[in-house]
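Predicted model only: the values in this text are computed from it and were never measured. Below, chains carry the letters A, B, ... as their sequence lines are ordered, and counting in each starts from 1.
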2 protein chains.
Amino acid sequence: MTKPLRRDAELNRQRILKAAQEVFAARGVDVMLDDIAHHAGLGVGTVYRRFPTREDLVEALFDTRLAEIVSWADEGLAHADPWTGLTGFVEQATAAMAADRGLRDIAFSRAYGRRRVAEIREMLAPRVEALVTRCQEAGVVRTDAAGVDLVLTQFMVAALLEYAEPVAPGLWRRYLTLILDGLRYGTTPLPVPPPEVENMDRIAENWRPPRRAGSG
Amino acid sequence: MTKPLRRDAELNRQRILKAAQEVFAARGVDVMLDDIAHHAGLGVGTVYRRFPTREDLVEALFDTRLAEIVSWADEGLAHADPWTGLTGFVEQATAAMAADRGLRDIAFSRAYGRRRVAEIREMLAPRVEALVTRCQEAGVVRTDAAGVDLVLTQFMVAALLEYAEPVAPGLWRRYLTLILDGLRYGTTPLPVPPPEVENMDRIAENWRPPRRAGSG
DNA sequence: AATTAAGTGGAGGAACATCCTCAACTACCC
DNA sequence: GGGTAGTTGAGGATGTTCCTCCACTTAATT
């Protein structure tokens with residue numbers, strides 16, 4: 001039922017998507033839409049006409065990016081060696097997030113992607129769980145680790161990306177290696193249980209929170 | 001040459017310090033001074049009269065807190081077992097930062113503490129270096145690790161605190177253990193060198209940065 | 001080439017957040 | 001009780017972000 005756009009309008013739509021992609025990647029999904037418009041060489045009004053909310057832009061751009069991550073998880077699960085499957089997945093996902101600050105936001109924050117993106121995110125959890133379990137059965141991951149641990153460590157590495165990536169690109173590989181070694185070779189009993197799955201959402205809500213969402 | 005304060009004024013000064021301590025601990029050093037005043041049951045003007053800048057409050061409160069961390073490092077160095085010395089230090093420091101969001105800010109951010117606090121921070125680096133080196137000589141830390149690695153991992157754990165501590169208190173112990181295990185038992189060669197010390201400041205500048213300090 | 005509907009630009013108003021001053025007031029101290 | 005130090009908190013100054021609106025431009029149609 002949607003009428004096709006006029007030729008110039010369609011061209012501008014593409015320009016906006018390209019600009020949004022670039023600006024999101026460089027500065028995260030919280031940038032002003034004005035900046036995207038400017039970067040696209042267009043007026044703000046045009047952006048708002050085509051994508052009334054930031055969410056519309058996010059959905060249009062990150063739907064496939066997240067699906068890609070899910071497919072990497074599947075590839076990891078299909079890999080002959082469980083450990084290589086796990087590390088390969090983690091490295092691919094982290095590399096993608098290192099290159100795109102917006103992707104980090106979408107992957108972790110619960111502030112965007114209420115629609116499609118949230119569904120895709122939920123597809124990831126069981127796969128990550130399986131990646132870990134498979135390694136444990138093969139005896140190459142400590143038995144007291146859990147699937148959520150991988151998510152939490154990704155959180156930490158993503159935080160490192162926020163701080164260090166612009167200054168020391170690629171440094172994350174050093175600390176990811178360190179953490180994965182801990183996961184593989186560590187023997188010190190983990191002193192507290194992993195978080196409940198219900199808590200993961202509440203933890204994710206603190207990803208890049210609004211400046212003054214303070215408590216009392 | 002500083003005249004003693006009038007009795008009521010001195011009392012209020014104490015009230016302000018106590019309130020600031022509590023509010024900083026709960027919500028970080030970026031809270032509005034208005035909030036501190038209100039929490040102390042005083043008017044904003046009083047706070048501004050006594051501590052003209054936020055920096056004054058910070059210096060008054062965190063000088064000793066940071067010195068305490070330095071002394072823990074010394075205790076760690078004095079401990080008979082190098083590994084226990086190292087982990088003991090790291091755990092004490094992290095526990096302190098888990099309990100005080102303001103302390104995290106002061107320890108990592110370069111936005112405050114240009115004066116005294118910065119000096120104390122600089123006393124820490126060589127001690128941390130020594131803690132690691134001593135463990136390596138004893139053969140209980142991988143030889144390709146460096147002193148700065150401990151700082152960077154603390155960065156990651158501190159980030160985890162930001163996200164998870166309000167929701168799942170104490171969870172940090174799980175991931176700190178994992179990381180320390182990696183540091184001790186890991187064998188996978190670390191793929192990139194540690195950051196130059198000069199870069200550490202630039203990384204720290206991204207700790208809780210102003211909302212729109214974006215690049216181009 | 002004239003008509004019309006679709007699309008565009010971007011200044012600027014609205015809604016906030018934060019900072020910090022200052023004039024009227026109050027409390028201490030001698 | 002006079003003088004000085006101290007207190008107050010509403011509100012002006014400043015800054016940020018969002019998003020609308022309408023005069024203007026351009027593509028499509030006849």
Below 4.0 angstrom from OP1 or OP2 of [N], is there any side-chain N or O of [X]?
{"X": "N12(A)", "N": "dG7(C)", "value": "no"}
{"X": "T46(A)", "N": "dG7(C)", "value": "no"}
{"X": "R49(A)", "N": "dC19(D)", "value": "no"}
{"X": "K3(A)", "N": "dA6(C)", "value": "yes"}

Just how far, in rounded Å, is [atom2] of [N] from [atom1] of [X]?
{"X": "D56(B)", "N": "dC20(C)", "atom1": "CG", "atom2": "P", "result": "12 Å"}
{"X": "M32(B)", "N": "dC16(C)", "atom1": "CE", "atom2": "P", "result": "15 Å"}
{"X": "L57(B)", "N": "dC19(C)", "atom1": "CG", "atom2": "P", "result": "12 Å"}
{"X": "H38(A)", "N": "dG10(C)", "atom1": "NE2", "atom2": "P", "result": "9 Å"}
{"X": "R27(B)", "N": "dA17(C)", "atom1": "CZ", "atom2": "P", "result": "13 Å"}
{"X": "L5(A)", "N": "dA6(C)", "atom1": "CG", "atom2": "C1'", "result": "10 Å"}
{"X": "Y48(A)", "N": "dG7(C)", "atom1": "OH", "atom2": "P", "result": "19 Å"}
{"X": "R15(B)", "N": "dG6(D)", "atom1": "CZ", "atom2": "P", "result": "15 Å"}

Whether over 12 other heavy atoms sit under 6.0 Å from E196(B) CD: no
Within a 6.0 Å radius of atom NE2 on H79(A), are there more than 12 heavy atoms belonging to other residues, nucleotides or ligands? yes
Which of dG6(D), dC19(C), dT26(D) is nearest the side chain of D8(A)? It is dT26(D)
Give the nucleotide from the list dC20(C), dC18(D), dG9(C) with an atom nearest to the side chain of V44(B). dC20(C)
Side-chain heavy atoms of M200(B) within contact of V148(B), under 4.5 Å: yes
Close side-chain approach of W172(B) and L152(A), heavy atoms under 4.5 Å: no
Could you tell me whether D30(A) and R54(A) have a side-chain N and a carboxylate O separated by less than 4.0 Å? no
For G45(A) and E10(B), find the nucleotide of DNA chain D closest to each by heavy atoms; which residue's nucleotide sits nearer the 5' end? E10(B)
Under-3.5 Å donor-acceptor pair between R6(A) side chain and dA28(D) base: no
Does the dC20(C) base have a donor-acceptor partner in the side chain of D34(B) within less than 3.5 Å? yes
Look at all strands and tell whether R13(B) reaches a base, only sugar-phosphate, or nothing, counting heavy atoms closer than 4.0 Å. nothing
For R7(B), report the nucleic acid contact type (base, sugar-phosphate, nothing); a contact means any heavy atom under 4.0 Å. sugar-phosphate
